[in-house]
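Report on one structure; see the data block that follows.
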Amino acid sequence: MKTSPRPDTLITHAGRHPETQHGIVNPAVYHASTVLFPNLGALDEASHNPDIVRYGRVGTPTSRAFEDAVAALEGGFRAVTMPSGLAAIATTLMALVRAGDHILVSDSVYGPTRTLCEQVLKKFGVVAEYYDPRIGDAIARLFRPETRLVFLESPGSYTFEIQDVPAIAAVAKARGALVVMDNTWATPLFFRPFDHGVDVSVHAATKYLVGHSDAMMGIAVANEASYPRLRQYALMTGTCAGPDDLYLAQRGLRTLGVRLRQHQATGIALAQWLRARPEIVRVLHPALPDDPGHALWQRDFRGASGLFGAILAPCTDRQLAAFFADLALFGIGYSWGGYESLMLPAHLSGMRTVTTLPQDGILIRLHAGLEDPQDLIEDLERAFARLAAAR
Ligand SMILES: *Cc1c(COP(=O)(O)O)cnc(C)c1O
């Protein structure tokens with residue numbers, strides 16, 4: 001009997017075929033547009049068999065290597081790569097909805113996903129309605145006859161609400177709607193969307209899968225029923241990713257396990273330290289036992305990544321500027337999932353329409369990198385001292 005490999009083993013081996021390339025460990029980087037065929041018979045065969053490489057945009061062994069690895073790790077049928085996480089979200093939504101459809105989207109969704117719904121999907125006659133991420137199976141009352149899809153992201157961007165994915169997926173399934181989840185935060189390692197009723201899982205691979213802040217990449221992993229629509233839509237709209245970035249993504253993936261466990265440990269250490277600080281009103285981290293999402297997180301997730309939020313007690317603009325000035329280790333910048341620590345104040349005006357943002361202070365987002373946690377704590381300690389001195 002063949003046993004199925006565990007996640008860390010899949011991370012190491014999935015999508016690699018050294019025996020087909022002189023024993024070389026990593027997949028080759030194929031730069032390709034034209035693919036040559038020896039005769040018309042071979043050309044004809046390639047047009048009927050999607051697994052035969054026939055043109056650069058349609059896929060190469062380089063894209064296939066990354067897609068196969070992520071699909072295997074996540075437990076989906078197959079995957080489609082895209083040039084960015086947002087492109088993966090856009091392609092997936094456009095592939096699965098049509099004019100006249102109503103879709104339910106989490107209120108805590110990544111900002112550009114909301115903008116896509118409002119500025120692009122709306123233009124094509126698709127209506128997005130936002131729901132409270134803590135709604136659970138009460139989402140049933142928001143369903144209309146034309147509701148075709150639920151888009152969720154758990155935990156939510158910036159506010160880190162955990163959703164009851166199985167409950168929401170069960171309602172969607174009963175109503176014949178598809179469930180798409182942005183699983184960027186947890187990665188395939190810490191949340192298994194297909195075990196919880198999700199049809200398509202999308203990732204900003206730019207974050208933890210690439211893991212080194214040096215490439216943009218997106219990937220959508222689908223179950224068997226949804227894959228053909230996704231693949232066809234990507235083919236029809238010319239969506240593909242470049243070979244060097246695909247290579248970096250599959251290379252980053254090989255160390256995801258060890259990196260993510262360290263991001264988790266440091267993130268929890270920083271969250272606990274911050275919670276004890278008088279300048280911090282609350283920490284938004286589902287691994288903390290008093291977090292409102294903790295029970296669901298514990299039930300459904302296998303771990304926490306290094307991204308979380310904290311609410312800084314109200315202070316003046318000058319104090320906030322002093323807090324962020326002269327940080328030695330925390331960078332101020334967008335994105336996350338690389339090896340370095342980052343911190344940003346949230347600017348979310350207009351990005352919530354059915355829930356309210358925390359009102360009791362200033363929401364900041366932290367990414368715990370791979371530095372020594374004690375050095376990170378000392379960097380934050382100096383930041384709090386600057387904040388106090390700026391009074
Ligand atoms: C960053 C991010 C995206 C978009 O990814 P890009 O590669 O930057 O386009 C999508 N979803 C979430 C949750 C993200 O954090």
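Remember, it's 1-based here, ligands and their atoms both numbered in the order they're listed. No hydrogens, no waters, no symmetry mates; every other heavy atom, side chains included, goes into these values.
When only non-hydrogen protein atoms are considered, atom 9 (O) of ligand 1 lies nearest to Leu86 N, 2.8 Å. Shortest contact from atom 6 (P) of ligand 1 to any protein heavy atom: Gly85 N, 3.4 Å. Scanning the protein for heavy atoms near atom 11 (N) of ligand 1, the closest one is Asp182 OD2, 2.6 Å. Of all protein heavy atoms, the one closest to atom 14 (C) of ligand 1 is Lys207 NZ, 2.8 Å. Looking only at heavy atoms of the protein, atom 7 (O) of ligand 1 is closest to Thr206 OG1, 2.5 Å. Nearest to atom 5 (O) of ligand 1 among the protein's heavy atoms is Ala204 CB, 3.1 Å. Protein heavy atom nearest atom 8 (O) of ligand 1, with residue, atom name and distance: Met216 CE, 3.5 Å.
Ring-plane geometry between Tyr227 and Phe77 is classed as perpendicular, the angle between the planes exceeding 60 degrees on a 0 to 90 degree scale with a lower cut at 30. Using a 30° and 60° split on the angle between ring planes, Phe191 and Phe301 fall in the tilted class, from 30° to 60°.
Among all heavy-atom pairs drawn from Thr115 and Met351, the shortest one is OG1-CE, 4.0 Å. Of all heavy-atom pairs between Phe143 and Val171, the closest is CE1-CG1, 3.8 Å.
Interface of Trp336 with ligand 1, defined as ligand atoms under 4.0 Å from a residue heavy atom, comprises 15 (O). Listed by atom number, the atoms of ligand 1 under 4.0 Å from Ser84 heavy atoms are 7 (O), 9 (O). Listed by number with element, the atoms of ligand 1 under 4.0 angstrom from any heavy atom of Glu153 are 13 (C).
Under a cutoff of 6.0 Å and an axis angle of 45°, Lys207 and Tyr339 do not form a cation-pi pair.
In this structure, a donor-acceptor pair under 3.5 Å is present between the side chains of Asn183 and Glu74.
Looking at Trp185 against ligand 1, nothing comes within 4.0 Å, counting heavy atoms. When heavy-atom distances to ligand 1 are checked against a 4.0 Å cut-off, Thr113 has no atom that comes that close, whether in backbone or side chain.
Salt-bridge check for Arg114 with Asp107: passed, with a basic side-chain N closer than 4.0 Å to an acidic carboxylate O.
Within a 6.0 Å radius of CD in Glu224, no more than 12 heavy atoms belonging to other residues, nucleotides or ligands are found.
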